[in-house]
Amino acid sequence: MAALVVLFSLKDESARDAYEQWAKNTDVPTASSMDSVDSFKVFRMGNIMGTETPAPYEYCEVLEINDMAKLGEEVGSEAMQKVAAEFQSFADNPMFIVSDQIA
């Protein structure tokens with residue numbers, strides 16, 4: 001199983017409530033409807049364990065992908081292009097990391 005891990009902070013910290021509502025109501029439902037996505041979860045990051053130091057990113061999205069080639073096709077749809085543009089309005093320089101599950 002592959003996963004797409006997206007690490008990012010918000011461009012504007014005051015947009016936290018707007019981003020989280022958008023993620024729940026638009027991003028997750030739209031991306032989860034793609035055939036290539038088995039699950040999609042969004043996490044608000046906290047402190048580094050055992051410290052008061054904040055994590056280097058505010059959010060982490062984890063999409064479990066069953067077919068990376070199909071994902072490439074599906075993200076080109078009009079609906080996903082709209083969601084991607086909206087995401088870019090919130091996220092400051094997001095990192096999209098392709099990963100493979102080993103255990």
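All values derive from a computational prediction rather than experimental measurement.
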Are [X] and [Y] linked, directly or through other ILVMFWY residues, by side chains that come within less than 4.5 angstrom of each other?
X	Y	answer
V75	F90	yes
M45	V28	no
V62	V37	no
F96	F40	yes

Item to complete: Using modelled atom types only, decide if a donor and an acceptor are shared between the side chain of T30 and the backbone of D27 within a distance under 3.5 Å.
Response: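 No; zero donor-acceptor contacts below 3.5 Å.
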Fill in: Main-chain N/O of N93 paired to K11 side chain as donor or acceptor, under 3.5 Å
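Pair absent, no side-chain N/O of K11 close to backbone of N93.
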Item to complete: Could you tell me which non-hydrogen atom of P94 sits nearest to which non-hydrogen atom of V6, and how far apart they are?
Response: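 Result for this residue pair: CB-CG1, 4.1 Å.
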Fill in: Heavy-atom pair of closest approach, residues A23 and P29
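Result for this residue pair: O-CD, 3.9 Å.
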Worksheet item: If you round to the nearest 0.5 Å, how far is CE of M68 from CG of D100?
Response: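 CE of M68 is found 8.5 Å from CG of D100.
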Fill in: Gap between atom CH2 of W22 and atom CG of D17 - 0.5 Å precision
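Going from CG on D17 over to CH2 on W22, the span is 15.0 Å.
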Fill in: side chain to side chain donor-acceptor pair (under 3.5 Å) partners of residues 70-81, not counting sequence neighbours, each pair once
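Every pair satisfying side chain to side chain donor-acceptor pair (under 3.5 Å) with a residue in residues 70-81: S36-E74.
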Fill in: Any pair counted as side chain to side chain donor-acceptor pair (under 3.5 Å), so long as it reaches residues 41-53, sequence neighbours left out
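Output for this query lists E20-R44.
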Side-chain heavy-atom pair [X], [Y] within 4.5 angstrom cut-off:
X	Y	answer
L4	V98	yes
D67	L71	no
V5	C60	yes

Item to complete: For F8, enumerate each residue passing the ring pair (Phe, Tyr, Trp, His ring centres under 6.0 Å) test, keeping only those at least two apart in sequence or located in another chain.
Response: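 Ring pair (Phe, Tyr, Trp, His ring centres under 6.0 Å) check on F8 returns Y19, Y59, F87.
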Practice prompt. Apply salt bridge (Lys or Arg N to Asp or Glu O under 4.0 Å) to K82 and list each qualifying residue two or more places apart in sequence or on a separate chain.
Written response: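 Scan of K82 (salt bridge (Lys or Arg N to Asp or Glu O under 4.0 Å), adjacent residues dropped) gives E86.
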Item to complete: Could I get the full list of side-chain contact (heavy atoms from CB on, under 4.5 Å) partners for Y57, not counting sequence neighbours?
Response: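 Scan of Y57 (side-chain contact (heavy atoms from CB on, under 4.5 Å), adjacent residues dropped) gives L7, S9, M95.
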Discussion item. So, using side-chain contact (heavy atoms from CB on, under 4.5 Å) as the criterion, who are the partners of D38 when residues are at least two apart?
Written reply: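 Counting only residues at least two positions away or on another chain, D38 forms a side-chain contact (heavy atoms from CB on, under 4.5 Å) with M1, E64, N66.
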